[in-house]
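Step one of this worksheet: look at the structure below.
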Number of protein chains: 2
Amino acid sequence: MKRKVTLKQIAKELDVSVSTVSKALKNSTEISQDTREKVQAFAKLYNYRPNNIAISLKNRQSKNIGVIIPEIVHHFFTQVISGIENVANSNGYNVIVTLSNESFEREVVNMETLANGSIDGFIMSLSKETQEKGDYHHLREVVNQGMPLVMFDRIAEEIYCDKVIIDDAQAAYNAVNHLISTGCKKIAIITTEDHVSVGKLRTLGYRNALQDARIPFNENLVVKVDGEAACEKAVRHLLKYQVVDGIFAVNELFAIIAMREVVRKDLKIPEDVSVIGFTDGILSKYSNPPLSTVVQHGYEIGMMAGQMLIDKLEDREPEDHYRTEVIKTSLELRATTK
Amino acid sequence: MKRKVTLKQIAKELDVSVSTVSKALKNSTEISQDTREKVQAFAKLYNYRPNNIAISLKNRQSKNIGVIIPEIVHHFFTQVISGIENVANSNGYNVIVTLSNESFEREVVNMETLANGSIDGFIMSLSKETQEKGDYHHLREVVNQGMPLVMFDRIAEEIYCDKVIIDDAQAAYNAVNHLISTGCKKIAIITTEDHVSVGKLRTLGYRNALQDARIPFNENLVVKVDGEAACEKAVRHLLKYQVVDGIFAVNELFAIIAMREVVRKDLKIPEDVSVIGFTDGILSKYSNPPLSTVVQHGYEIGMMAGQMLIDKLEDREPEDHYRTEVIKTSLELRATTK
DNA sequence: AACAGAACCGAAAACGTTTTCGTGTTAAAA
DNA sequence: TTTTAACACGAAAACGTTTTCGGTTCTGTT
């Protein structure tokens, strides 16, 4: 197990100074052609690679981007990561991913351990718990230290930083509107509790669409749940006591579960009930029938977030000026709508 | 944007030396109670956090683990990452994830950029392209440098390092055997091209199961495909010209696609055709009907890989001794089998 | 009063780079 | 032959830590 060769060792072997070696490897004209070749040949032979850590310390930058997400086992987040990875790598940055597992505590710890030199900037989406608590001191601390931060999807309005979001309300509006335009009159929404920012916004879009179509809002058609089991139960209850001809779900899992209950009641999709989900994941694509859905373009969100962060890091953007980019969603109509 | 406060600055402010500050913060008895309190109070006030990079340089270790996977948008890999994250974090390590995107080139580049101080050890699964080429020089280089490497799932036999795999052949054997025991006689397998190591092994298990049950092997029931479109086409062709009462697919996507074709031919699942997939992903769980599948326990694989690496890093394992751990698979029987 | 030992603190080296500045040598110009 | 400038290289500082070693000062013991 031979340790990695360093400048010092090369210098010693070739009987020159460390500075000379460093310069020679960078092809500095300060060094004679002769020595340059000698050094480079030697370096190549011994497979010299500069130590990133040392360079980081010297340059006071790590060329790393820290990403904190609530859960990785989510198609949307993995898409975002892919997008970030893409622009990061093509700009010479690495990506460090850590998970908060929807826990405030872990989110704080992860931020703190990363924020001490390991990374140059953050990209993150808040954990559920953080959104419930509304405690953003760790974010404030980071931005106060002058570390660029880009938030996406689950953001905190009151933090001054760059943000990438989707037009949640508008997207929901469009989805529900499509249901209406295909003849649905009794449209239910399956959403999360209000503390999740995106759930709230999507519910708003739902109401607006109804209102604009002069369809009376019916409290009984709004089901708020926070998990798979709860969702199943609630939908079953809904279908038992209400007549429904359209369902809009704020994520794809809720949509799939709802579909299951619908067919269980021997209702036909989309003839009797239309369904639209949110987030174009793998489930939507391969469900039976394939689910019509609002697609969030996670990859684009990731690219945008990555680009915004890098722009800040490379001083292409003034550091005291923050943007909020809205990535357009689209409707992918498949077989669960008429 | 106030820069982070350093030991030097604290020392200057309090008119003591850097060494004193360092020791005081570590509660060294070498320093008087008085000074300790003073320093610690000051540090707390100014929110001092040691610079990780500097510590890394000093200690010649980064407390980072590098993970390279082919694709993140895969339930199996995300599970593995979660497992790695878990043991890594509870041992004080961070995880740096990079993607090869199934490309040899990117795999090599990622390894090289990480291997220079940024991380203390690798956990990886080979890209398709790397397996096709059979070029493992980058792996050799890394292990020659004395950097611990743990491979999982898609491994290279000939590299000496720790490995975590599943009993691919055995798992396939069990799955096919279950089909046989429930009365299936004409069992097809949908698999990948042979260069993907796991595909090959699973095909082997399929053959063995048939053989042990004295069911003649039929070349026409083996379909090798390498993508979604190809899969769909091949299965359609299969169902058109062959009588099939059981399907074993080497991943869940192939299974789902096969199911789609089966119902399209108005065959009932599982009455007419039983189906078993591989990898217990989200698709299997929520498909209609829910797919019986071989579950790979990705989370456990990740934990095991992480633990093995950390054991090496903390010198709990001799560095010249390599293990290959086999994680048991299990059959999750849902609604696509009798 | 002299000395041992404890208590407290600082200087300096080290980790592996990059970069500025200075210095000695050589070749060209006067 | 002397002056100048180009050329080639090295010393040293810096990034922010940790740790060893040594040096004061003070306390307590003979």
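Computed from heavy atoms alone, side chains included, the values below leave out hydrogens, waters and symmetry copies.
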Q. So B:Phe104 and B:His138, would you call those rings parallel, tilted or perpendicular, with 30° and 60° as cut-offs?
A. perpendicular
(Q) How many whole angstroms separate atom CG of B:Leu25 from atom P of D:dT18? (A) 8 Å
Q) Is any side-chain N of the basic residue among B:Glu105 and B:Lys133 closer than 4.0 Å to the acidic one's carboxylate O? A) no
Q | Derivation and outcome, side chain to side chain donor-acceptor pair (under 3.5 Å), residues A:Glu13 and A:Gln9 | A | CA-CA 6 Å; A:Glu13 289 295 323; A:Gln9 290 168 32; over 6 Å; no
Do any N or O atoms of the protein come closer than 3.5 Å to N or O atoms of nucleotides 23-28 of chain D, and which pairs are they?
none

Q) Can you tell me how far NZ of B:Lys58 sits from CG of B:Asn51, rounded to the nearest 0.5 angstrom? A) 14.0 Å
**Q.** Any residue of residues 48-64 of chain B with a heavy atom less than 4.0 Å from an atom of DNA chain D
**A.** B:Tyr48, B:Arg49, B:Pro50, B:Asn51, B:Ala54, B:Ile55, B:Lys58
Q. Side chains of A:Glu71 and A:Phe76: closer than 4.5 Å at any heavy-atom pair?
A. no
Q | Non-hydrogen side-chain atoms of B:Glu132 and B:Glu102 separated by less than 4.5 Å | A | no
Q: Assign B:Lys26 to base, sugar-phosphate, or nothing according to its heavy-atom contacts below 4.0 angstrom with the strands shown.
A: sugar-phosphate
Q: Looking at every strand, decide which applies to B:Lys23 at a 4.0 Å heavy-atom threshold: base, sugar-phosphate, or nothing.
A: base
Q | Check: A:Gln33/A:Glu37 side-chain N/O donor and acceptor closer than 3.5 Å | A | yes
Q: Select from A:Val18 and A:Lys8 the residue whose nearest nucleotide in DNA chain C is closer to the 5' end of that strand.
A: A:Lys8
Q: Let me know the distance between CD1 of B:Ile10 and C1' of D:dT17, rounded to the nearest Å.
A: 12 Å
**Q.** Lys/Arg N to Asp/Glu carboxylate O, A:Glu314 vs A:Lys63, below 4.0 Å
**A.** yes
Q: Identify whether the distance between the nearest side-chain nitrogen and carboxylate oxygen of A:Arg106 and A:Glu129 falls below 4.0 Å.
A: no
Q. Near DNA chain D, under 4.0 Å by heavy atom, which residues of residues 27-40 of chain B?
A. B:Glu30
Q: Take the protein atom CG of A:Asp15 and the nucleotide atom C1' of D:dC9, then report the distance between them rounded to whole Å.
A: 12 Å
Q: Take the protein atom CG of A:Leu7 and the nucleotide atom P of D:dG10, then report the distance between them rounded to whole Å.
A: 13 Å
Q.
Tell me whether the side-chain N/O atoms of B:Ser19 come closer than 4.0 Å to OP1 or OP2 in C:dA11.
A. no
Q: Please report, rounded to the nearest Å, how far the P atom of C:dG10 is from the CG atom of B:Leu14.
A: 11 Å
Q) So, is A:Ser22 close to the C:dT18 phosphate, meaning a side-chain N or O under 4.0 Å from OP1 or OP2? A) yes
Q.
Does a side-chain N or O of A:Thr20 approach OP1 or OP2 of D:dC9 to a distance below 4.0 Å, or not?
A. no
Q) Would you call A:Leu126 and A:Leu139 a side-chain contact if the rule is heavy atoms closer than 4.5 Å? A) yes
Q: Tell me yes or no: between the side chains of B:Glu112 and B:Asn116, is some donor less than 3.5 Å from an acceptor?
A: no
